Amino acid sequence: MKNILFLVTGMSPQIITETIWALACNPKRKVQWIPDEVYVLTTQIGINQIQERLFNKGVFDNLKTDYPQLRGIKFDSSSLMGVEVDDEVLDDIKTPEHNEAMADTLCELVRWLTESTDTALHVSIAGGRKTMGFYAGYALSLYGRPQDRLSHVLITEQFEQAINFFYPTPYSHLVSNKNEVVVGDANNAEVWLSEIPFVRMRSLLDEESILSNKGFSEIVATIDKSLKPIQLQIINNDERKVFIGNDFCKLSPKEFSLYLVAAELRLLGETLRYPSKDIDGDTIDSKHMKRFNEVYNQHKSINAVDEVIVDYDYFSNTLSTIKRKLKKAFGVKLAEQVAIQKDGKSGGFGILISEKNISIS
């Protein structure tokens, strides 16, 4: 499995080397986690800082030399990503528009980094503005899998102001603050990795949401809807629409007729009988088929047949097309709850949400 480290940073590229050391080199860590790839989201100023201080001045190469287990890590200029607005990387995150762009970028990056099943993602929220860390953690909560982790890195207080401290060295190395006052020996520094528990909500997203480039707000709204009690509204008029909140699904005459009958039966505490595939001429119960045709005749086109026989083929095909349309309109999670499906108690088929959450007008 490929290990991927993703960090958000601001003006302090030290966060990157400190986190890598804490994960992969700390002798006090029971299981060392060595990243195969490292990616960073930051601002243009942050990109410049990383480029100059970690790459141009050789700090990252020194880290790999000091700790040979890190030599295989892929981390270079191509690993640095910036938050963009109007195709320009921002120097700082200052306005609501900037924050929205950052949230969408983080959402897309974490979605991309969790796309493959053979990867483990570790997200560090130690750097950058507080909102960057919040959105990074939230994005991992949206898309995170069982193997993914979230953390924050901490260092010994005396080294927090050291401008040339990047990681605990395996040899003596004095470090100083901006006034060139020595604050300690990097060999004696301690770096702790604090893992942060988070709620994994990926299971609440349908496959389309996981694979699509939806923005942060849209993904949050999708999950929010799936967590709220469903209020299913069926409006029996020429438009043949089924509503959940402001979203609706438009059904064909035959689909709407079967769905309306199933909803009416739910209010009565009844279900539909699935016709047998092995019995010629078997249909849903006659009283239910009578009601189906009453609704169907109200909505059918002029040239359609006057009476429909709801047998095995008609019933199964219509259930499939209804479910497909519900998924497209409401997403997989909601569609699974409001589709016509088997009732484990009665053995019949119906809409299984509470009758209190169904209204027909």
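These numbers were taken from a predicted model, which means no experiment stands behind them.
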Between Arg29 and Glu195, does at least one N-O distance fall below 4.0 Å, as a salt bridge requires?
-> yes
Between Tyr67 and Tyr167, what is the ring plane arrangement, given parallel below 30°, perpendicular above 60°, and tilted in between?
-> perpendicular
Would you find a donor on one side and an acceptor on the other, under 3.5 Å apart, between the side chain of Asn62 and the backbone of Gly58?
-> yes
Measure the spacing between CE of Met132 and CG of Asn99 and express it to the nearest 0.5 Å.
-> 10.0 Å
Is there a path from Val310 to Ile351 through hydrophobic residues (I, L, V, M, F, W, Y) whose side chains come within less than 4.5 Å of each other?
-> yes
Angle class for the Phe248/Phe243 ring planes (parallel below 30°, perpendicular above 60°, tilted otherwise)?
-> tilted
Pair Phe60 and Phe166, ring centroids less than 6.0 Å apart = no
Correct closest heavy-atom pair for Asp282 and Arg273 would be OD1-NH2, 2.9 Å
Inspect the surroundings of CD in Gln51 and state if more than 12 heavy atoms from other residues, nucleotides or ligands are less than 6.0 Å away.
-> yes
Is Arg291 salt-bridged to Glu264, going by a charged N under 4.0 Å from an acidic O?
-> yes
Please test Leu54 against Ile16 for side-chain contact (heavy atoms from CB on, under 4.5 Å), starting from the C-alpha separation and ending with a verdict.
-> CA-CA 9 Å; Leu54 295 191; Ile16 300 167; 3.9 Å; yes
Asn237 atom CG: more than 12 heavy-atom contacts under 6.0 Å | yes
Hey, are the side chains of Gln231 and Ile244 touching, using non-hydrogen atoms and a 4.5 Å cut-off?
-> no
Any salt bridge between Glu255 and Arg240, counting N to O under 4.0 Å?
-> no
Co-membership, hydrophobic cluster, residues Met11 and Ile163, 4.5 Å side-chain | no
Ring centres under 6.0 angstrom apart (Tyr39, Trp112) = yes
Could you tell me the separation between the CD1 atom of Ile93 and the OH atom of Tyr135, rounded to the nearest 0.5 Å?
-> 10.5 Å
Aromatic ring centroids of Phe6 and His122 under 6.0 Å?
-> no
Roughly how far, to the nearest 0.5 Å, is CD of Gln49 from CD of Gln44?
-> 11.5 Å
State the CD-CG distance between Glu294 and Leu260, to the nearest 0.5 angstrom.
-> 10.5 Å
Is it true that a side-chain atom of Thr95 and a backbone atom of His98 form a donor plus acceptor pair closer than 3.5 Å?
-> yes
Mark yes or no: Arg145 above the aromatic ring of Tyr143, with NZ or CZ under 6.0 Å from the six-membered ring centre and no more than 45 degrees from the axis.
-> no
Check whether any side-chain heavy atom of Leu265 sits under 4.5 Å from a side-chain heavy atom of His288, and report yes or no.
-> yes
Side chains of Thr105 and Glu84: do they bring a donor and an acceptor to under 3.5 Å?
-> no
In Å and rounded to the nearest 0.5 Å, what is the CZ to CZ distance from Phe292 to Phe315?
-> 10.0 Å
Is Val83 linked to Ile125 within one hydrophobic cluster, defined over Ile, Leu, Val, Met, Phe, Trp and Tyr using a side-chain heavy-atom separation of less than 4.5 Å?
-> yes
Counting N and O atoms only, with roles assigned by atom type, does the side chain of Asp86 sit under 3.5 Å from a partner on the main chain of Glu88, one being a donor and the other an acceptor?
-> no
Honestly, is Lys254 close enough over Tyr296, meaning NZ or CZ under 6.0 Å from the six-membered ring centre and within 45° of the axis?
-> no
According to a 4.5 Å side-chain heavy-atom criterion applied to Ile, Leu, Val, Met, Phe, Trp and Tyr, with indirect links allowed, do Phe55 and Val89 form part of one hydrophobic cluster?
-> yes
Following the transitive rule for hydrophobic clusters with a side-chain heavy-atom cut-off under 4.5 Å over Ile, Leu, Val, Met, Phe, Trp and Tyr, establish whether Ile322 and Ile360 coincide in one cluster.
-> yes
Neighbour count >12 (heavy atoms, 6.0 Å) for atom NZ, Lys74 = yes
Exercise: identify the closest heavy-atom pair between Phe330 and Val242 = CZ-O, 3.4 Å
To the nearest 0.5 Å, tell me how far Glu108 CD sits from Met81 CE.
-> 11.0 Å
Test side-chain contact (heavy atoms from CB on, under 4.5 Å) applied to Leu7 and Ile20, Thr42, Val40, the passing residue = Val40
Minimal heavy-atom distance between Asp185 and Ser172, with the atoms involved, is OD2-OG, 2.7 Å
Any donor-acceptor pair under 3.5 Å from Gln147 side chain to Thr119 backbone = yes
Side chain Asp285, main chain Lys287, donor-acceptor under 3.5 Å | no
Expected output: side-chain Thr169 to main-chain Tyr171 donor-acceptor under 3.5 Å = yes
